[in-house]
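Read the numbers this way: they start at 1 and go in the same order the structure lists the ligands and their atoms. Heavy atoms only: backbone and side chains are in, while hydrogens, waters and symmetry mates are out.
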Amino acid sequence: MRPPALFRASLFLGLLFAACQGLAAEYVIERMKDNVYRFTAGNYRSAFMVTDAGIIATDPLNPRAAAWLKDELARRFDVPLRYVIYSHNHVDHSYGGQALNGDGVYFVAHRLARADLVHTRADTRIPDITFDNEMTLYLGEARVALRYHGVNNGRGSVSMHFQPANVMYVVDWIVLGRMPYKNLKGYDIQGMIDSTEDILATDFELFIGGHGDAGDKADVARYLAYLNALYDSVRDGMLAGRSLAQLQDDIRLPEFNELRMYDAWLKLNIEGVHDTLIDKSYFDMRPDVPAN
Ligand SMILES: [Zn+2]
């Protein structure tokens with residue numbers, strides 16, 4: 001039996017309302033410091049900076065999120081989008097570029113990130129401008145310093161330092177308030193540590209991540225302490241001949257148990273470092289490391 005028309009209409013309106021609520025909750029723009037803003041889409045975040053001469057945006061995240069962002073930028077600000085900078089090659093951050101495309105909008109990425117998008121025939125806007133080690137983009141009274149720190153996650157992953165607001169934006173290889181993602185797929189743990197040390201040696205006041213919380217230098221230092229504790233305990237365990245299962249049973253690191261996903265992901269983080277030491281450092285081929 002079909003429900004009465006009035007009931008069907010109110011059900012439809014109710015669902016529509018719920019969908020709009022969901023969209024509003026899923027997409028958020030926050031002013032973080034001076035002219036630097038954070039765009040949140042679900043578990044993903046990007047940053048953008050607004051100047052008198054236009055807007056510099058970063059990761060589009062995905063086509064739907066980027067389309068929402070483009071409309072919001074046009075609605076809130078009276079200046080055009082001028083640059084879009086990809087943090088790295090991974091498609092869960094770099095897709096949606098077409099939605100931000102337009103006349104006079106330049107797309108920027110590290111040379112290796114662009115090369116990966118081309119080699120893999122990625123379905124996003126391919127960058128126009130690349131760099132190798134560092135590049136500064138100037139727009140109006142502001143600028144953003146882009147820096148490559150070597151391998152850490154994906155290909156061509158760079159930090160973005162917005163000035164004069166003094167805000168640092170890094171995606172994936174620094175995450176505050178939460179454990180690094182599951183089994184560290186695509187990560188180079190030594191590179192993450194080295195790159196994070198680089199960031200800590202830079203002067204910045206506010207950190208914005210592509211996931212997790214915003215924070216300050218002390219928060220980034222605490223994240224680095226976790227990476228080092230995780231890496232050291234897995235490496236030392238493997239050097240002593242412990243198996244992955246033994247490492248996952250032994251290693252606890254309770255001083256970091258306030259991090260979100262600590263219980264769910266600690267064993268996966270251990271697996272990630274263990275596998276990296278085999279894949280990248282050939283621990284399984286070392287005669288001085290006991291087999292297990
Ligand atoms: Zn990510």
Salt-bridge criterion met for Arg260 and Asp213 (N-O under 4.0 Å): yes
Kindly report the NE2-the Zn ion (ligand 1)-NE2 angle for His93 and His211 respectively, rounded to 10°. 100°
Of all the atoms in Asp92, is at least one N, O or S atom closer to the Zn ion (ligand 1) than 2.8 Å? no
Flag side-chain contact, heavy atom, 4.5 Å: Tyr181 against Trp265: yes
Under 2.8 Å: N/O/S of His90 next to the Zn ion (ligand 1): no
Set of ring-ring contact (aromatic ring centres under 6.0 Å, His included) partners for Phe131, sequence neighbours left out: His110
For the Zn ion (ligand 1), give me the closest N/O/S atom belonging to Asp172, just the atom name. OD1
Restricting to side chain to side chain donor-acceptor pair (under 3.5 Å), what partner residues turn up for Asn101, sequence neighbours left out? Arg125
